[in-house]
Amino acid sequence: MTAEWGEKCTADLMSRYVSKEMGHGVPGEGWRICLAHEFKEKRKPFQSGDVSLSQVWEHLGLGIRYLYWWYKKTRVEKKAPFIDIFGAVPLRQIYGAPLGGIGGGTITRGWRGEFCRWQLKPGMYHYKTVIENQFMVCLRRNGQTVYQQVLSVERPPTLQGWNWGFCGEYAYYHALYPRAWNVYHLPGQNVTLTCRQISPIIPHDYQDASLPVAVFVWDIENKNDYALDVSIMFTLLNGSGHADDKSGGHWNEPFRLEKNGEAVSGVLLHHCTAVNPYTLCIAAREQPKREVTHQTAFSPKGTCHGLWSDLITDGRLDSPTGSSPPTAKGERVAAALAAGCSVATQSRGSLEFCLAWDMPKITFGSGEKEHSRRYTRYYGSKGDACPLLSHHALTHYRGWEKSIEEWQGPILQDSSLPTWYKSALFNELYFVADGGTVWTELAEDADVSGGLRSEEGGLPAQPSVIKDYGRFAYLEGQEYRMYNTYDVHYYASFALIMLWPKLALSLQYDIAGSVVQQDPTERLYLMNGRCSPVKTKGVVPHDIGDPEDEPWQRVNAYLIHNTADWKDLNLKFVLQVYRDFHLTQDSQYLQDMWPICQTVMESALKFDLDGDGLIENSGFADQTYDGWTVTGPSAYCGGLWLASLVVMCKMARLLENEMKYQYYRDILDRGSVAYDKVLWNGKYYNYDSSGKDHSNSVMSDQCAGHWFLRASGLGDGEYQAFPKEKIQRALKTVFDLNVMSFAGGQMGAVNGMRPEGVPDRSSVQSDEVWIGVVYGLAATMIHEGMLEEGMRTAEGCYRTVWERLGMAFQTPEAYCEKGIYRSLAYMRPLSIWAMQLALDASRNKHSS
């Protein structure tokens with residue numbers, strides 16, 4: 001944290017209650033915040049009223065067409081639009097590390113302890129703080145209760161029979177994903193409670209990492225000169241605060257499971273909706289001198305004083321046997337679980353809880369197909385997995401933590417890395433699980449290439465990596481609900497290929513399979529008002545579908561532009577293929593992808609209108625900057641094109657195809673000359689070559705192609721496209737103008753900057769900061785030996801998002817210098833893992 005923010009936030013509270021020397025097992029690195037903190041700056045989401053009059057006029061047709069489409073989607077079809085500009089999610093500065101593994105749904109627990117964001121229905125979010133879901137503590141001495149408190153700073157109008165309003169000044173939260181800690185110093189009790197939450201996010205693990213579970217370990221420190229009996233109670237609503245909690249038919253039942261000499265017990269909460277039913281589970285580990293008791297069901301209506309009194313009487317619950325009756329329509333039901341232990345004088349104790357959920361079969365919005373989640377390979381798909389899931393979690397979490405510490409340790413212990421970077425690197429990884437992520441088993445009848453076989457440029461029906469490791473998809477953003485949005489995945493993909501490479505390759509096979517397919521269905525595109533096919537053969541799709549429809553089966557949910565004409569998608573596929581091969585050395589993958597790469601390069605070659613070896617942009621927003629028009633050869637797309645030619649030459653040599661090497665080499669040589677001639681101005685590459693007023697703007701992302709060459713071990717000698725001295729000069733210009741001349745050098749790099757040192761305000765995106773682009777820019781700087789500049793560039797984004805704006809665990813796509821942000825919880829910032837790859841490469845280079 002910054003000195004100003006950290007000192008102001010916690011002031012003497014940190015020194016009095018939260019000093020590192022107090023221990024509690026909390027690491028020194030990560031994101032820490034006092035529970036009494038309030039963020040002063042409040043921002044609003046981007047809306048149509050935030051554009052200039054000239055931009056309104058320019059996009060008037062788009063606005064009218066979008067309004068008509070939005071009305072039809074929401075009012076006629078009763079579906080959620082993939083982008084809802086009228087229903088942007090407001091900023092709530094409350095979120096903490098999400099719970100759960102990858103692809104089984106997530107539940108987010110806020111930094112003040114509330115369960116407040118739900119993604120159980122695949123790809124769809126429910127933003128609701130469920131006040132019934134709480135932890136509370138009961139302290140007893142000599143058979144008498146001396147303290148009982150809900151561990152929440154909230155004072156809700158409901159559940160008045162409980163003791164609310166814990167003083168936030170006595171507690172803090174610390175996140176280092178996939179773990180987080182809440183530390184509570186109980187006022188006047190000389191007792192400290194530390195709740196450690198653990199999710200099984202373990203790199204290179206393809207089994208436990210898929211489990212929909214989280215463990216809460218409560219460490220109790222008794223600093224008194226007398227013993228205490230301590231109970232922790234966990235209450236949970238049957239549901240997520242959604243309207244279907246009152247749909248009726250839900251019921252709870254207690255359970256106990258003993259296996260391999262270890263026993264767990266708890267309550268199963270069966271949520272019996274017609275579509276995507278699921279079971280929630282709260283469980284505790286049975287251990288010597290630990291008592292686990294429960295309340296199978298209680299109504300959260302009224303004061304709930306009965307449950308409170310049950311605990312306060314003797315520190316335990318009544319533990320009735322038998323199941324609760326199904327709820328009536330309009331009725332809600334909850335459950336409670338308590339675990340207790342004795343803690344001797346000046347001693348410590350611990351209690352272990354698990355939250356699990358089981359939604360084994362999922363259907364997307366179309367309801368056409370049923371998909372099995374990845375974890376069902378190990379736990380079945382009958383909906384009865386929660387007891388086994390909770391047992392496994394409670395008996396294996398120590399192994400998970402060991403794996404997490406072995407993974408994170410070398411980075412955390414590296415004193416040359418700043419503390420903010422360590423927090424950003426691991427905490428931004430939340431989106432791999434919490435990005436609406438689905439990880440499913442491949443259906444027996446699935447064919448990733450739509451029946452087109454290899455002789456037609458297709459792929460095997462079921463590539464081995466998908467058969468063995470399943471299908472993976474994550475959203476562009478929690479507000480931009482399109483799966484595997486490929487122009488953005490280009491940035492985010494570093495996290496997958498470095499940590500779960502089999503999932504990265506699986507995703508690539510799905511994209512490759514869609515390249516050879518087509519969907520000739522004509523539809524209206526909102527930007528230009530023209531009708532064109534949904535999917536053109538031979539080009540990379542924008543995305544693999546909408547969770548409100550049927551992903552994989554119907555691709556290209558994005559209908560603002562016809563992305564068959566986009567200049568970056570095909571090139572980003574080629575660059576990722578080689579980057580992935582470089583990092584995995586999977587030769588079969590390279591061979592399978594080679595014909596697909598040739599196909600998409602030939603499709604892209606048609607954009608070289610004058611035959612000089614360099615592609616041209618159309619005069620529209622035809623790339624990932626879909627609100628920033630570009631005309632003729634451009635720094636961004638031209639750079640991606642040249643980099644793609646470099647890797648095509650490299651792959652041709654690896655596959656001993658000299659004819660193709662010479663073919664792509666010729667285009668590369670001509671294109672490099674043209675790129676330099678029309679775009680280089682002596683200090684940087686111009687935004688585009690149109691000669692318009694803003695064509696010489698300084699684009700922060702102008703080296704995006706070279707970045708991937710460096711990440712792939714290329715960019716020098718035979719396999720380079722850009723002279724080293726020009727890349728470094730361009731990066732120096734970007735640092736001086738886009739970073740240091742913007743917001744005092746404290747907010748990262750603005751997308752577009754004028755040479756005279758003011759932001760380019762010609763479009764809705766040129767004066768934004770895109771956090772994921774900034775992390776990629778920082779990685780490029782590190783590759784080029786500009787470590788200090790790269791770190792300074794990226795630091796501005798982290799400080800802004802996490803410390804100033806209160807956007808923890810919801811890093812947006814973009815923010816402006818003042819006032820607004822756009823698209824909370826976005827995929828692109830996962831590109832921070834490209835910085836780690838660059839750091840590793842730099843150190844390996846210096847050590848060799």
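Position 1 is the first residue of the sequence, and the numbers go up from there. Everything numeric in this text was worked out from a predicted model, so none of it was measured.
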Visitor: Do Q588 and D592 meet the criterion of a side-chain donor-acceptor pair at a distance under 3.5 Å?
Guide: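 Yes, a side-chain donor-acceptor pair sits under 3.5 Å.
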Visitor: Under a 3.5 Å cutoff, is there a donor and acceptor pairing between the side chains of Q810 and Y430?
Guide: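 Note: Q810 and Y430 side chains miss the donor-acceptor criterion.
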Visitor: Should K845 and D840 count as an ion pair when the cut-off is N to O under 4.0 Å?
Guide: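 Answer for the salt bridge query: no.
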Visitor: Hey, does W500 have a side-chain heavy atom less than 4.5 Å from the side chain of W439?
Guide: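 The answer is no; the side chains never approach within 4.5 Å.
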Visitor: Checking E789 against K732 for the salt bridge (charged side-chain N to carboxylate O under 4.0 Å, His left out) test, could you report, in this order, the C-alpha distance in whole Å, the side-chain angles of both residues, the deciding distance, and whether it holds?
Guide: CA-CA 9 Å; E789 294 90 339; K732 176 69 164 56; over 6 Å; no
Visitor: Would you say NZ of K502 has more than 12 non-hydrogen atoms from neighbouring residues, nucleotides or ligands within 6.0 angstrom?
Guide: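 Result for NZ/K502: open.
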Visitor: Determine, step by step, whether V577 and I596 satisfy the side chain to side chain contact (heavy atoms under 4.5 Å, CB included) criterion, reporting the C-alpha distance in whole Å, the side-chain angles of both residues, the deciding distance to 0.1 Å, and the verdict.
Guide: CA-CA 10 Å; V577 164; I596 308 299; over 6 Å; no
Visitor: Answer yes if the side chains of S766 and N751 hold a donor-acceptor pair under 3.5 Å, and no otherwise.
Guide: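 Distance-only check fails for S766 and N751.
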Visitor: Quickly, which of D608, D622, D626 forms a salt bridge (charged side-chain N to carboxylate O under 4.0 Å, His left out) with K567? Name it, please.
Guide: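 The single option meeting the salt bridge (charged side-chain N to carboxylate O under 4.0 Å, His left out) with K567 is D622.
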Visitor: Which is it for R670 and Y675 under the side chain to side chain donor-acceptor pair (under 3.5 Å) test, yes or no, and what are the steps along the way?
Guide: CA-CA 9 Å; R670 291 185 290 111; Y675 186 78; over 6 Å; no
Visitor: Do N686 and N681 have side-chain atoms, one donor and one acceptor, less than 3.5 Å apart?
Guide: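 Result is yes, a qualifying pair exists.
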Visitor: Salt-bridge test for R653 and E658: reply yes if a basic N is under 4.0 Å from a carboxylate O, no otherwise.
Guide: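 Yes, charged N to carboxylate O under 4.0 Å.
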Visitor: V773 and T624: side chain to side chain contact (heavy atoms under 4.5 Å, CB included), yes or no, with the steps?
Guide: CA-CA 11 Å; V773 166; T624 194; over 6 Å; no
Visitor: Step by step, would you call S416 with R843 a side chain to side chain donor-acceptor pair (under 3.5 Å)?
Guide: CA-CA 12 Å; S416 70; R843 287 170 182 170; 3.0 Å; yes
Visitor: Indicate whether the side chain of Y687 and that of D760 have a donor and an acceptor atom separated by less than 3.5 Å.
Guide: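 No, no side-chain donor-acceptor contact under 3.5 Å.
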Visitor: Does one side chain, of E476 or H489, offer a donor that lies under 3.5 Å from an acceptor on the other?
Guide: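 Checked: E476/H489 side chains show no N/O donor-acceptor pair below 3.5 Å.
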Visitor: More than 12 heavy atoms of other residues, nucleotides or ligands under 6.0 Å from NZ of K724: is that the case?
Guide: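 Yes, enclosed.
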Visitor: Under 3.5 Å, is there a donor-acceptor pair between the N427 and S423 side chains?
Guide: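 Note: N427 and S423 side chains meet the donor-acceptor criterion.
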Visitor: Under 6.0 Å from the ring centre and within 45 degrees of the ring axis: does the NZ or CZ of K726 meet both conditions for the six-membered ring of F722?
Guide: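 Here K726 fails the 6.0 Å and 45° test against F722.
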Visitor: Could you check whether atom NZ of K660 has more than 12 heavy atoms from other residues, nucleotides or ligands sitting under 6.0 Å from it?
Guide: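 Count over threshold, so yes.
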Visitor: Could you tell me whether the side chain of Y474 reaches within less than 4.5 Å of the side chain of V432, counting heavy atoms only?
Guide: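 Sidechains of Y474 and V432: no contact.
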Visitor: Only counting residues at least two apart or in another chain, list the ones meeting side chain to side chain contact (heavy atoms under 4.5 Å, CB included) with A779.
Guide: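 A779 satisfies side chain to side chain contact (heavy atoms under 4.5 Å, CB included) with W707, A834, M835, A838 once adjacent residues are dropped.
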Visitor: Enumerate, atom names and distances included, each donor-acceptor pair closer than 3.5 Å involving a side-chain atom of residues 640-647, sequence neighbours excluded.
Guide:
residue: W641; atom: NE1; partner: G613; partner atom: O; Å: 2.7
residue: S644; atom: OG; partner: L571; partner atom: O; Å: 3.3
residue: S644; atom: OG; partner: L640; partner atom: O; Å: 2.8

Visitor: Quick one: does M601's side chain get under 4.5 Å of V574's, heavy atoms only?
Guide: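 M601 vs V574: side chains touch.
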Visitor: Can E602 and Q598 be counted as having a side-chain donor-acceptor contact under 3.5 angstrom?
Guide: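 Judged by distance alone, the side chains do not pair up.
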Visitor: Determine whether Y206 and D468 satisfy the following criterion, side chain to side chain contact (heavy atoms under 4.5 Å, CB included), listing intermediate values before the conclusion.
Guide: CA-CA 10 Å; Y206 298 94; D468 294 342; over 6 Å; no
Visitor: Listed by chain and number, what are the side-chain hydrogen bond (donor to acceptor under 3.5 Å, both in side chains) partners of Y490, not counting sequence neighbours?
Guide: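 side-chain hydrogen bond (donor to acceptor under 3.5 Å, both in side chains) list for Y490, sorted by chain: empty.
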Visitor: So is R828 actually on top of Y491's ring, under 6.0 Å and inside 45° of the axis?
Guide: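 Judged by the rule, R828 and Y491 form a cation-pi pair.
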Visitor: Hydrogens and angles aside, do E428 and T811 bring a side-chain donor and acceptor to less than 3.5 Å of each other?
Guide: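 On atom types as modelled, these side chains qualify, holding a pair under 3.5 Å.
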Visitor: Please identify which of these residues, W407, Y177, Y798, W420, meets the ring-ring contact (aromatic ring centres under 6.0 Å, His included) condition with F426.
Guide: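 Of W407, Y177, Y798, W420, ring-ring contact (aromatic ring centres under 6.0 Å, His included) with F426 is met by W407 alone.
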Visitor: Could you pull out all residues at least two apart from W552 that satisfy side-chain hydrogen bond (donor to acceptor under 3.5 Å, both in side chains)?
Guide: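 W552 satisfies side-chain hydrogen bond (donor to acceptor under 3.5 Å, both in side chains) with D510 once adjacent residues are dropped.
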Visitor: Step through the shown structure and confirm whether more than 12 heavy atoms of other residues, nucleotides or ligands are within 6.0 Å of CD on E656.
Guide: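 No, not enclosed.
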Visitor: Are any non-hydrogen side-chain atoms of E768 and Y815 less than 4.5 angstrom apart?
Guide: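 Not touching, per the 4.5 Å side-chain cut-off.
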Visitor: In the structure I gave you, are the side-chain heavy atoms of R729 and W680 within less than 4.5 Å of one another anywhere?
Guide: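 They are in side-chain contact.
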Visitor: Please lay out, stage by stage, how D434 and T106 fare under the test side chain to side chain donor-acceptor pair (under 3.5 Å).
Guide: CA-CA 6 Å; D434 200 27; T106 48; 2.5 Å; yes
Visitor: With distance as the sole criterion, is a donor-acceptor pair present between the side chains of D688 and S634 under 3.5 Å?
Guide: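 The answer is no; no qualifying pair exists.
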Visitor: Please walk me through it: do Y685 and D676 pass side chain to side chain donor-acceptor pair (under 3.5 Å)?
Guide: CA-CA 8 Å; Y685 295 101; D676 192 75; 4.5 Å; no
Visitor: With distance as the sole criterion, is a donor-acceptor pair present between the side chains of Q576 and Y486 under 3.5 Å?
Guide: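 Looking only at side-chain atoms, Y486 and Q576 do form a donor-acceptor pair, the distance falling under 3.5 Å.
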Visitor: With the side chain counted from C-beta on, respond yes when W566 and D487 share a heavy-atom pair under 4.5 Å apart, and no when they do not.
Guide: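 Yes, close enough: below the 4.5 Å cut-off.
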Visitor: Would you mind reporting whether T437 and F472 have side-chain heavy atoms less than 4.5 Å apart?
Guide: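 They are in contact (side-chain heavy atoms under 4.5 Å apart), so the answer is yes.
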Visitor: Apply side chain to side chain contact (heavy atoms under 4.5 Å, CB included) to residues H561 and H542 and explain how you reach the verdict.
Guide: CA-CA 10 Å; H561 295 271; H542 173 273; over 6 Å; no
Visitor: E405: what forms a side-chain hydrogen bond (donor to acceptor under 3.5 Å, both in side chains) with it, not counting sequence neighbours?
Guide: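 Testing E405 for side-chain hydrogen bond (donor to acceptor under 3.5 Å, both in side chains), a comparison that skips the adjacent residues, returns R179.
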Visitor: Step through the shown structure and confirm whether more than 12 heavy atoms of other residues, nucleotides or ligands are within 6.0 Å of CD on Q662.
Guide: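 Counting neighbours around CD of Q662, more than 12 heavy atoms of other residues, nucleotides or ligands fall under 6.0 Å, so yes.
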Visitor: Report yes if the side chains of Y826 and F431 come closer than 4.5 Å at any heavy-atom pair, otherwise no.
Guide: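 Answer no - side chains too far apart.
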Visitor: Ignoring hydrogens and angles, state whether a donor on the side chain of E813 or S823 is under 3.5 Å from an acceptor on the partner side chain.
Guide: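 No donor-acceptor contact under 3.5 Å links the two side chains.
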Visitor: Report the residues that fulfil side-chain hydrogen bond (donor to acceptor under 3.5 Å, both in side chains) with Y664, sequence neighbours left out, ordered by chain and then residue number.
Guide: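 None.
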